[in-house]
There are 2 protein chains.
Amino acid sequence: MNDTPLVLEPIGWVESPLVDLERAPLQGDEGAPDAWLVFEPRVSAGMRDLRVGTDVLVFTWLDRARRDVLRVHPRGDRSRPETGVFSTRSPDRPNPIGLHRVEILAIDGVRVQVRNLEALDRTPVLDVKPVLGPWSER
Amino acid sequence: MNDTPLVLEPIGWVESPLVDLERAPLQGDEGAPDAWLVFEPRVSAGMRDLRVGTDVLVFTWLDRARRDVLRVHPRGDRSRPETGVFSTRSPDRPNPIGLHRVEILAIDGVRVQVRNLEALDRTPVLDVKPVLGPWSER
């Protein structure tokens with residue numbers, strides 16, 4: 001309701017063997033490779049409590065997506081009826097924010113290795129959040 | 001790795017009785033009220049497959065958060081040690097993206113009523129995604 005532009009500042013980048021959009025799996029648990037999140041040194045104080053062996057939510061900016069798409073065939077399958085993008089996980093959508101649940105495999109300074117990340121090499125990372133457990137553990 | 005600014009375009013806004021940051025619950029299942037998502041008419045084709053009774057993930061821009069915070073006391077409790085923001089759900093973080101799992105209660109044109117949304121009135125909405133079920137249902 002005000003006109004200040006909402007500008008994202010990447011907190012880091014994905015380093016991945018995935019470089020080809022056509023070959024990327026559709027979800028992380030469908031054969032995505034392990035990858036590294038490389039944090040910007042200026043935000044390193046924010047990552048100091050990440051722990052190997054835990055699951056986290058990684059938010060990315062799917063910078064190769066189309067933002068003018070509002071309906072898609074789910075999973076690119078043209079035999080399935082066109083569906084509004086807010087009912088799909090299509091990367092093509094007005095704000096192409098990727099959400100990925102991954103396990104942390106290793107931490108080396110500002111580099112964090114994660115399992116099964118279906119994001120392309122050099123994808124901007126926007127945020128990392130813990131998976132919420134039951135109330136008693138918050 | 002390139003310098004194009006990453007600019008979000010809100011797809012809508014939250015209408016909620018919550019107007020006071022100090023009184024807002026910390027998570028949606030801790031007493032947040034029902035609220036409305038009001039979509040921009042230009043994206044209405046993207047919401048046409050939303051269904052009453054289903055759970056969705058709502059992404060918001062927590063526009064009253066501080067972006068220069070990297071360590072916080074979890075849940076604002078000063079008896080708990082300072083923790084890196086990427087290991088907390090603090091709204092204060094470099095990119096204050098809110099993630100909310102909510103149930104759709106009603107749909108009326110571009111207005112969608114949801115249960116238990118802990119976002120303040122007039123918070124920008126960035127995206128809505130389905131909750132991913134098992135592989136066989138994707």
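Note on naming: letters A, B, ... go to the chains in the order of the sequence lines (proteins, then strands), and numbering restarts at 1 for each one. In what follows, every heavy atom counts, from backbone to side chain, and hydrogens, waters and symmetry copies are set aside.
At a 4.5 Å heavy-atom cutoff, A:P96 makes no contact with chain B through either its backbone or its side chain. The part of A:R67 that comes within reach of chain B is its side chain, from C-beta onward, which places non-hydrogen atoms under 4.5 angstrom from that chain.
Contact of the A:L8 side chain with the B:L8 side chain is registered, since non-hydrogen atoms from C-beta on lie closer than 4.5 Å.
Most heavy-atom pairs under 4.5 Å with chain A, from the set B:V69, B:T83, B:T54: that is B:T83. Counting heavy-atom pairs closer than 4.5 Å to chain A, the top-ranked of the candidates B:S90, B:G84, B:G46 is B:G46. Ranking B:I11, B:L126, B:I97, B:L70 against chain A, the residue ahead of the rest is B:L70, based on heavy-atom pairs under 4.5 Å.
The cluster map of Ile, Leu, Val, Met, Phe, Trp and Tyr, joined by side-chain heavy atoms under 4.5 Å apart, puts A:V19 and A:L117 in different clusters. The cluster map of Ile, Leu, Val, Met, Phe, Trp and Tyr, joined by side-chain heavy atoms under 4.5 Å apart, puts A:L105 and A:V52 in different clusters. In terms of hydrophobic clustering, with Ile, Leu, Val, Met, Phe, Trp and Tyr side chains grouped at heavy-atom distances under 4.5 Å, B:L62 and B:W36 are assigned to different clusters. Under the 4.5 Å side-chain heavy-atom criterion for Ile, Leu, Val, Met, Phe, Trp and Tyr, B:V14 and B:V110 are members of the same hydrophobic cluster.
Considering B:V43, B:D49, B:V56 in turn, B:V43 is the only one that fulfils the side chain to side chain contact (heavy atoms under 4.5 Å, CB included) rule with A:F86.
Distance alone, capped at 3.5 Å, is enough to place a donor-acceptor pair between the B:N95 side chain and the A:E9 backbone. Formation of a donor-acceptor pair under 3.5 Å by the B:R93 side chain with backbone atoms of A:V128 is found in this model. Proximity of a side-chain donor or acceptor of A:R89 to a complementary backbone N or O of B:K129 within less than 3.5 Å is not detected.
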- Please step through side-chain contact (heavy atoms from CB on, under 4.5 Å) for the pair A:V7 and B:L6, ending with a clear verdict. CA-CA 6 Å; A:V7 180; B:L6 310 185; 5.7 Å; no

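Distance check, rounded to the nearest 0.5 Å: CE of B:M47 to CZ of A:R71 gives 13.5 Å.
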